[in-house]
Amino acid sequence: MAPPVKCTTVIAAAAGLLLSVIFFFQMVSATEEDGQGRYNAMFNFGDSLSDTGNICVNKPATAQLLLTFANPPYGMTYFGHPTCRCSDGRLVVDFLAQSLGLPLLPPSKLSGADFRKGANMAIVGATALDFDFLKSIGLGYPIWNNGALNVQIQWFRDLLPRICGGTPQSCRPYLAKSLFVLGSIGGNDYNAMLFFGFTVDRARSYVPKVVDNIAAGVERLIELGAVDIVVPGTLPIGCYALYLTMLPSSRKSDYDDHGCLRPLNDLAAYHNALLQDRLRGVRARHGSAVRVMYADFYTHAADMLRDPARFGFTTAVTACCGAGGGAYNYEFDARCGMKGATACKDPWRHESWDGVHPTEAVNKLFADGWLRGPYCHPPILH
């Protein structure tokens, strides 16, 4: 029989536990408060991973009918209706804005919107390379002409009078206290190549040009007055249903232990390594005058894909929303938002929303990893 435990011992242990709990919540509250009021505004550039509506605002009503993510069940988790976000709810940029005490970013093409607290230039189909260049190498399909990075930066320049009421030069102090997020972008450049006939090796040969355009975009924002800039890498595309379905390999050796396509992940890893190298060059040129943060999409996503349960998920690759086709619930002609497609009842337990884009639950984890680490170098709230 175990000896009796003294009442004072129990009380002391309980008091210690209570103090630990109080300390934990104080730390969490303090961390959350750290983000409030830190920035005047947030400005985002990118593609479908962060478009909050530009693709719908920027298209005629007839074209909107072709945009599957403008249809239910997109938006079901948070907004209760489609908002032209490629997810069941909020995107990474939405969680960043809310954590920083800023409003959700309006699409930059939204007429009459208030952009003083931020604007979103991201648009579905955006590329890092200019459309004219893609056209010159045989990839001039209209889907890639929605708004390349250089075009988005020009959209931002055009908004400056509405953001801070002055010239680019007079806006610099305001922009110096704003957060800029440049990407993720570049994924569609590789999509344009891989889905329209280029081999992985040929696509790889264009990675330096893609990355150089991103680094040049960072420099252009710094010239305008940006000081804090987050630059995300690209995702491990070889682990996503779209690529596994559309670009399968007949060689078993092309798949890793998790069923992901090695050549595609190697392409993404090469992009990220080169991007980090270019960002080190930007930091070296500007020193302490700017803070350029690399957001590690790849590592965080790969961690979730390798061990879903650790992050609270039951499935990693299979799409939550689709028409039940194939091994991953993904078919291009029966994808989420199209007739016959339905969504799972518990998207928060799944990593992939539509086989291409993450669920809101994953986007929240991404945002947390950028705000406080360890998946952003340095973290935004450093």
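Note that the numbering runs from 1 along the sequence shown for the chain.
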**Message:** Taking the two cysteines Cys344 and Cys320, do their sulfur (SG) atoms come closer than 2.5 angstrom to each other?
**Reply:** yes
**Prompt:** For the atom pair CG (Asp254) and CG (Asn265), what is the distance rounded to the nearest 0.5 Å?
**Reply:** 11.5 Å
**Asked** Between Arg335 and Asp354, is there a side-chain N and carboxylate O pair less than 4.0 Å apart?
**Response** no
**Asked** Going by distance alone, is a donor N or O of one side chain under 3.5 Å from an acceptor N or O of the other, for His350 and Thr315?
**Response** yes
**Asked** Is the gap between the ring centers of Tyr375 and Phe366 under 6.0 Å?
**Response** no
**Prompt:** Taking C-beta and beyond as the side chain, do Ile163 and Phe156 meet within less than 4.5 Å on heavy atoms?
**Reply:** yes
**Request:** Could you tell me how the ring of Phe196 sits relative to the ring of Tyr141: parallel (under 30°), tilted (30 to 60°) or perpendicular (over 60°)?
**Result:** parallel
**Asked** What about Leu104 and Phe45, same hydrophobic cluster or not, with Ile/Leu/Val/Met/Phe/Trp/Tyr joined at side-chain heavy-atom distances under 4.5 Å?
**Response** no
**Item:** Ring centroid separation Phe195 to Tyr243 under 6.0 Å
**Value:** yes
**Asked** Between Asp256 and Arg262, is there a salt bridge with N-O shorter than 4.0 Å?
**Response** no
**Asked** Can you find a pair of side-chain heavy atoms, one from Glu360 and one from Trp348, that are under 4.5 Å apart?
**Response** no
**Polar contact flag, side-chain donor to acceptor under 3.5 angstrom, Asp94-Tyr78** = no
**Distance-only side-chain donor-acceptor flag, Asp51 / Ser48, under 3.5 Å** = no
**Asked** Between Arg204 and Asp266, is the closest basic N to carboxylate O distance under 4.0 Å?
**Response** no
